[in-house]
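Below: the structure, in structure tokens.
These numbers were taken from a predicted model, which means no experiment stands behind them.
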Amino acid sequence: SAAAARAALELSTGREAEFGTAFALATAGDSDKAEALADDMERRFPNDTAVRFHYLPVIRATLALNRGDTERAYTFLQLAVPLETGMLRSSVLGRFGALYPIYVRGVAHLAAHRAADAAFEFRRILARPGEVVSDPVGVLARLQLARALSITGDKPAARAAYRDFLTLWKDADPDIPILKEALAEYATLR
């Protein structure tokens, strides 16, 4: 949640804490706070490779998508290509952040109505379970893959991807908005 993300900054203002918080806030739609954190990271860590070529491109691309600017999102994500499959400190120590550029690129493809390209990106994530481990992006990639496959018209594969997501979330609180969305989307495919 956005509140949990903000609480992380009370414990640390290190680059990984700011990245995780900024990404969570940007994903939740709190663009102003996420932008402020990204600006702070850019100011504090101007020569840091992970910040310049992974953390900031992911945050700025997500913010661009929040504004409906997929082309700008693609431009930011292009900066992250050299590091997008690397194991960064956030993914080693905090178990988050691995493959985020790929995930956000997939989301950008969905926003640009390029569902087959989106499905390709989400499959890249799912093909690397040892890198994703318990990061929520691994589960969300399943849902986004289901959405992409549904758009391409591959209903059997979309149903299977929705079932994979729903199986992983079978014990989740039933009032979580993304779970409700997934259930409603899955119901339309049956």
Side-chain angles (χ1 to χ4, degrees), residues 1-8 19-35 37 58-74 76-77 95-129 131-190:
S1 76
R6 285 189 204 92
F19 167 56
T21 301
F23 181 73
L25 293 172
T27 301
D30 190 344
S31 294
D32 291 340
K33 182 63 176 170
E35 186 79 48
L37 288 170
V58 165
I59 296 164
R60 299 224 189 269
T62 303
L63 292 169
L65 290 172
N66 289 352
R67 293 186 296 274
D69 191 346
T70 55
E71 290 307 314
R72 190 154 171 82
Y74 288 134
F76 285 123
L77 293 169
R95 302 281 189 235
F96 72 93
L99 310 177
Y100 280 26
I102 297 169
Y103 177 80
V104 175
R105 186 177 305 107
V107 172
H109 287 324
L110 280 177
H113 309 290
R114 296 171 51 185
D117 293 332
F120 173 79
E121 298 296 346
F122 298 128
R123 283 183 173 127
R124 288 179 65 199
I125 294 169
L126 298 177
R128 293 177 149 83
E131 291 176 45
V132 175
V133 188
S134 61
D135 191 311
V137 164
V139 175
L140 292 175
R142 293 175 196 288
L143 174 59
Q144 299 293 13
L145 174 61
R147 290 171 170 167
L149 293 170
S150 179
I151 292 167
T152 65
D154 189 347
K155 291 188 182 202
R159 281 193 294 272
Y162 274 110
R163 280 192 302 272
D164 287 347
F165 172 78
L166 294 170
T167 297
L168 289 171
W169 276 43
K170 69 182 181 326
D171 296 323
D173 292 336
D175 60 343
I176 296 174
I178 200 163
L179 178 58
K180 288 180 175 180
E181 292 170 17
L183 287 166
E185 293 163 11
Y186 180 59
T188 66
L189 292 173
R190 288 196 253 169

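Not a single donor-acceptor pair under 3.5 Å links the side chain of Asp173 to the backbone N or O of Asp175. Remark: side-chain polar atoms of Thr167 are paired, donor with acceptor, to backbone N or O of Arg163 under 3.5 angstrom.
Listed by chain and number, the residues in a side chain to side chain contact (heavy atoms under 4.5 Å, CB included) with Glu181 are Arg147, Ile178, Glu185 (sequence neighbours excluded). Every residue was checked against the salt bridge (charged side-chain N to carboxylate O under 4.0 Å, His left out) condition with Asp164, not counting sequence neighbours, and none meets it. Phe165 is linked by a ring pair (Phe, Tyr, Trp, His ring centres under 6.0 Å) to Trp169, counting only residues two or more places apart in sequence or in another chain. Residues passing the side chain to side chain donor-acceptor pair (under 3.5 Å) test with Arg142, sequence neighbours excluded: none. Residues passing the side chain to side chain donor-acceptor pair (under 3.5 Å) test with Thr152, sequence neighbours excluded: none. Under the side chain to side chain donor-acceptor pair (under 3.5 Å) criterion, Arg159 pairs with no residue, sequence neighbours left out.
Pairing each heavy atom of Ser150 with each of Leu189, the nearest pair is OG-CD2, 3.6 Å. The nearest pair of heavy atoms linking Leu179 to Ala172 is CD2-CB, 4.0 Å. Closest of all the heavy-atom pairs between Ala158 and Ala146 is CB-O, 3.6 Å. Taking both residues in full, the closest heavy atoms of Ala26 and Thr62 are given as CB-CG2, 3.7 Å, listed atom of the first, atom of the second, then distance. Of all heavy-atom pairs between Ala161 and Leu149, the closest is CB-CD1, 4.3 Å. Residue Thr70 comes nearest to Ala112 through the heavy atom pair CG2-N, 4.1 Å, listed as atom of the first residue, atom of the second, then distance.
Side-chain contact check for Arg124 versus Leu99: every heavy-atom pair is 4.5 Å or farther apart. Considering only heavy atoms from C-beta on, Asp69 stays 4.5 Å or farther from Tyr74 through its side chain. Using a 4.5 Å cut-off on side-chain heavy atoms (C-beta onward), Asp135 and Tyr100 make contact. Between Leu143 and Tyr162, some side-chain heavy-atom pair lies under the 4.5 Å cut-off. By the 4.5 Å heavy-atom criterion applied to side chains, Tyr103 and Val58 are not counted as neighbours. Thr27 places none of its side-chain heavy atoms less than 4.5 Å from the side chain of Asn66.
To the nearest 0.5 Å, the span separating CG on Asp30 from OG1 on Thr21 amounts to 11.0 Å. Between the CZ atom of Arg123 and the CG atom of Leu126 there is a distance of 9.0 Å, given to the nearest 0.5 Å. A distance of 9.5 Å separates CD of Glu35 from CD1 of Ile59, quoted to the nearest 0.5 Å. Phe122 contributes atom CZ, which lies 11.0 Å from atom CZ of Arg105 (distance to the nearest 0.5 angstrom).
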(request) Begin with the C-alpha distance, continue with both residues' side-chain angles, and end with the deciding distance and a verdict on side chain to side chain contact (heavy atoms under 4.5 Å, CB included) for Leu110 and Ile151. (result) CA-CA 9 Å; Leu110 280 177; Ile151 292 167; 3.9 Å; yes
(request) Would you sort out whether Ile102 and Phe120 count as a side chain to side chain contact (heavy atoms under 4.5 Å, CB included), showing the intermediate values? (result) CA-CA 10 Å; Ile102 297 169; Phe120 173 79; over 6 Å; no
